Participant: 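Input: one structure, supplied below.
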Amino acid sequence: MLRTVHSPDEAIATLSDQGVQRGIPVGIVAHGASVGFAVGDHTITVEEADAYRCVDAVERSLRPRWVMWSGTTAGALVRNNIRVATAWDVAAVHRLLAGGWRNDPARVWAYLHGLDRRHTPVAGQLDLMGGDAGDDGDQPIRPDGYLRAEWVDGIWQRSPADAAAWASVALMAASLQSKQLQALTTSGAVAGDAEATARAESTAELLCAELAHDGLPIDRLAAVELISSLVGPRPQNDADAAEGRRRRDAAVFAHLSSAAGVDLRNPADVKAMLRRVGIDVPDTRAWRLEGMRSVHPVVDALLAWRKEERIATTFGHTWLAEHVGTDGRLRGAWSASDGAAGRMTAQAGLHNLPAELRDVVVAEHGHVFVRADLGQIEPRVLAAVSGDEALRRATQDDDLYAPVATRLGVERSVAKIAVLAAMYGQTSGTAGQALRGMESGYPVAMKFLDAAAQQGQAGINIRTYGGRLVRVGEVTDGDFRGAAAAARGRYARNAMVQGAAAELFKVWAVTVRARLGDLDARIVLCLHDELLLHVREDHAHEVVALLDRCLGEAAHRWHPTSGVRFVTDTSIVRSWADAK
DNA sequence: TGCGGCTATTG
DNA sequence: CACAATAGCCGCAG
């Protein structure tokens, strides 16, 4: 049944009649000025002028769980100044269920309908192949049961007046949500609460849309000054830029009798150059050259050149112009779950900003940053997901490595190496010795890690505590013992820890987001184990307390019975650089 | 033009 | 360098 509503009040009444209330799923698609809703088999379109006002009204009075195909809709909502509390992101939940990174609508549809993914329609095919079966190209589902590749993502090309098409997209999202809910309860052995993970990962998509929209506060003038002091003023043209490169290169070449034919940007040239001054190295990475500064002055000059070159090429004037707006906000695209284990990732340097540039990340007038990071999150998460009682006891200490050192009878530094080596799968060097103590001291945790590594080596996919499928890749040529298998083993071993840590972190982040309420405070950066909030000065202490409370709440939601203690280090600062 | 290698930065 | 990521420049294959 398709129905068009004309006002916020009518939208609330209509959805309310359909039983919508707090937490009840409502499909939504939003793009540009258009919005469509769906509840059960009822689809509701909203007159364009009222579209976002209706969403806002429904959110305020009913607060449903908005079911969306992807972060595209979340972005449209945020751009229209609407921040909804909760979501179900079909694409994000698909990545959780099926692993990997692909989450286009046709593929998600095929997965949930048991269709062979190898025949999934691909965008750009224009359905020329599907059109020969006598079907109607204006229907979302092809006669063979597959979803047309561009039906969902191409919805924005349709007129807002094509109500049936908009409504169908919202309705399909809602119907897939119930299929995903079903799949989550039957998707193999998941130790944790996969449905709770799906909710948190979905809400993290909302947070990502907000992070991309809000940006990170930067003191633009200070940034220009700092960059200029390091690499000079911004080049005005290509010749200017080339002159800058020559000037930087000359500082290195000054230490050589002949620099003919040396391109400092070519590692092979650099290696040859070093050999000519009596330095023979297998590669020219900084850590390898670090101890050779005294051998020849060119080493020192080269390492300084690398620093300068990095600023000039990656974090220089071009970066500033491209990613920092005139409003002094650094913006980049955010992904809520990426890579092997489902960590958040960010572009535009938000996740790998050199420490020396953190000086220019400065709170705006009347505001401060509240920065909080989780201490030793990975070993604490390992204690929780493995259920190792001895390691759980160690988490009661502020410094987990102290009781581990006592138990192993070694120095703290050795204990730390041992724990990290266990989680990363390192076996060489000093780690080998330290690991033997781990086997007897923390056998449950070690067996947990070894089991993951063995699955990885055998090419068997694994699931994290929260239920994310981690694909470890095919085993080729029956290679169960070679270097490739060993690498898969380390990958799987670490993914179980890093992936679970990412899940806990996101529960924490979305809990903080939910509990901020009317405080003038927003999360402006997520960095794996660290949250940075931009907060009005007089709310700072309240936010500090809230971060700690939310960690307790998040840890309990994530793993209600672990008994593991998680700790956070929180500070109030003007500049990001002032923290720690 | 796309891709792997090398390098740097971050957690 | 033991795990994960983003990003730029180079050489090389197509």
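From a predicted model like this one, the values you see are computed outputs, not experimental measurements. Letters A, B, ... mirror the listed sequences (proteins, then strands); counts begin at 1.
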Participant: Nearest-Å distance, CZ (A:Arg490) to P (C:dC1)?
Facilitator: 11 Å
Participant: Do A:Arg95 and A:Ser335 pair up side chain to side chain, a donor and an acceptor below 3.5 Å, judged on atom types alone?
Facilitator: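 A:Ser335 and A:Arg95 do not have a side-chain donor-acceptor pair below 3.5 Å.
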Participant: Do A:Trp305 and A:Asp249 have side-chain atoms, one donor and one acceptor, less than 3.5 Å apart?
Facilitator: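 Checked: A:Trp305/A:Asp249 side chains pair up, N/O donor to acceptor below 3.5 Å.
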Participant: Please determine, for the side chain of A:Asp283, which listed nucleotide (C:dC3, C:dC9, B:dT7) has the closest atom?
Facilitator: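 The answer is B:dT7, which lies nearest to the side chain.
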Participant: Does A:Arg285 make a side-chain N or O approach to OP1 or OP2 of B:dT7 shorter than 4.0 Å?
Facilitator: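 Yes, A:Arg285 has a side-chain N/O under 4.0 Å of OP1/OP2 on B:dT7.
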Participant: Heavy atoms under 4.0 Å, any strand shown: does A:Ala268 hit a base, just sugar-phosphate, or nothing?
Facilitator: nothing
Participant: Less than 4.0 angstrom between a side-chain N/O of A:Thr314 and OP1 or OP2 of B:dA8, yes or no?
Facilitator: no
Participant: Please report, rounded to the nearest Å, how far the P atom of C:dA2 is from the CD atom of A:Glu378.
Facilitator: 17 Å
Participant: Checking all strands, does A:Leu353 fall into the base, sugar-phosphate, or nothing category for heavy-atom contacts under 4.0 angstrom?
Facilitator: sugar-phosphate
Participant: Can you see which heavy atom on A:Gly499 is nearest to which on A:Thr464, and at what distance?
Facilitator: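 What the structure gives for the nearest pair is CA-CG2, 4.1 Å.
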Participant: Can you label the angle between the A:Trp508 ring and the A:Phe505 ring as parallel, tilted or perpendicular, going by 30° and 60°?
Facilitator: perpendicular
Participant: Of all the nucleotides listed (C:dA5, C:dG8, C:dA4), which has the minimum atom distance to the side chain of A:Thr345?
Facilitator: C:dA5
Participant: Contact class for A:Gly425 (heavy atom, under 4.0 Å): base, sugar-phosphate, or nothing?
Facilitator: nothing
Participant: From CG of A:Asp269 over to P of C:dG11, roughly how many Å is that when rounded to an integer?
Facilitator: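 Atom CG in A:Asp269 sits about 7 Å away from atom P in C:dG11.
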Participant: Quick check for you: among B:dG11, C:dA4, B:dT10, whose closest atom lies nearest to any side-chain atom of A:Ala355?
Facilitator: B:dT10
Participant: So does A:Asn352 reach the base of B:dT10 with its side chain, donor to acceptor, closer than 3.5 Å?
Facilitator: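 In this structure, the two groups form no donor-acceptor pair.
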Participant: Any idea which of C:dC1, C:dC10, B:dT9 is nearest the A:Pro354 side chain?
Facilitator: B:dT9
Participant: Counting heavy atoms from C-beta on, name the nucleotide in C:dA2, B:dT9, B:dT7 closest to the side chain of A:Pro267.
Facilitator: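 Among C:dA2, B:dT9, B:dT7, the one nearest the side chain of A:Pro267 is B:dT7.
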Participant: Determine the contact category for A:Ala421: base if any of its heavy atoms lies under 4.0 Å from a base atom, sugar-phosphate if only primed atoms, P, OP1 or OP2 are that close, otherwise nothing.
Facilitator: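 Result for A:Ala421 = nothing.
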Participant: Looking for any heavy atom pair under 4.0 Å, which part of the strands does A:Tyr491 touch: base, sugar-phosphate only, or nothing?
Facilitator: sugar-phosphate
Participant: If you look at every strand shown and take non-hydrogen atoms under 4.0 Å, does A:Ala286 touch a base, only sugar-phosphate, or nothing?
Facilitator: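 Contact class for A:Ala286: sugar-phosphate only.
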Participant: Please tell me which of the listed nucleotides, B:dG11, C:dA5, C:dC1, lies nearest to the side chain of A:Trp287?
Facilitator: C:dC1
Participant: Could you measure between the two C1' atoms, the one in C:dA2 and the one in B:dG4, and give it in whole Å?
Facilitator: 22 Å
Participant: If you pin A:Asn494 and A:Arg265 to their nearest nucleotides in DNA chain C, which one's is more 5'?
Facilitator: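 So the residue in question is A:Asn494.
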Participant: Expressed in angstrom and rounded to an integer, what is the separation of A:Arg288 atom CZ from B:dC6 atom P?
Facilitator: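 Atom-to-atom, A:Arg288 to B:dC6, this comes out as 12 Å.
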Participant: Would you mind reading off the distance between A:Arg358 atom CZ and B:dT10 atom P, rounded to a whole angstrom?
Facilitator: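 Computing the A:Arg358:CZ to B:dT10:P distance gives 7 Å.
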Participant: Rounded to whole Å, please give me the gap between NE2 in A:His323 and P in B:dT9.
Facilitator: 18 Å
Participant: Can you tell me the distance, in whole Å, between the CZ atom of A:Arg310 and the P atom of C:dG8?
Facilitator: 9 Å
Participant: Tell me whether the OP1 or OP2 atom of C:dC9 has a side-chain N or O from A:Asn266 closer than 4.0 Å.
Facilitator: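 For A:Asn266, the contact criterion (side-chain N or O under 4.0 Å from OP1 or OP2 of C:dC9) is not met.
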Participant: Between A:Phe505 (CZ) and B:dG11 (C1'), how many Å, whole number?
Facilitator: 10 Å
Participant: Would you say B:dC6 has OP1 or OP2 under 4.0 Å from some side-chain N or O of A:Lys271?
Facilitator: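 For A:Lys271, the contact criterion (side-chain N or O under 4.0 Å from OP1 or OP2 of B:dC6) is not met.
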Participant: Does A:Arg306 have a side-chain nitrogen or oxygen under 4.0 Å from the phosphate oxygens OP1 or OP2 of B:dA8?
Facilitator: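 Indeed, a polar side-chain atom of A:Arg306 lies that close.
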Participant: Which label fits A:His351 and A:Trp334: parallel for a plane angle under 30°, tilted from 30 to 60°, or perpendicular past 60°?
Facilitator: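 Answer is perpendicular, since the angle exceeds 60°.
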Participant: Looking only at side-chain N and O atoms, does A:Gln347 come under 4.0 Å of OP1 or OP2 in C:dA7?
Facilitator: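 Looking at the OP1 and OP2 atoms of C:dA7, one of them is under 4.0 Å from a side-chain N or O of A:Gln347.
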Participant: Verify the ring-centre separation between A:Trp576 and A:His534: is it less than 6.0 angstrom?
Facilitator: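 That pair fails the under 6.0 Å test.
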Participant: Base, sugar-phosphate alone, or nothing: which one does A:Thr427 contact when heavy atoms must sit under 4.0 Å apart?
Facilitator: nothing
Participant: Got a second to check how far A:Arg245's CZ is from A:Glu243's CD, nearest 0.5 Å?
Facilitator: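 It comes to 10.5 Å.
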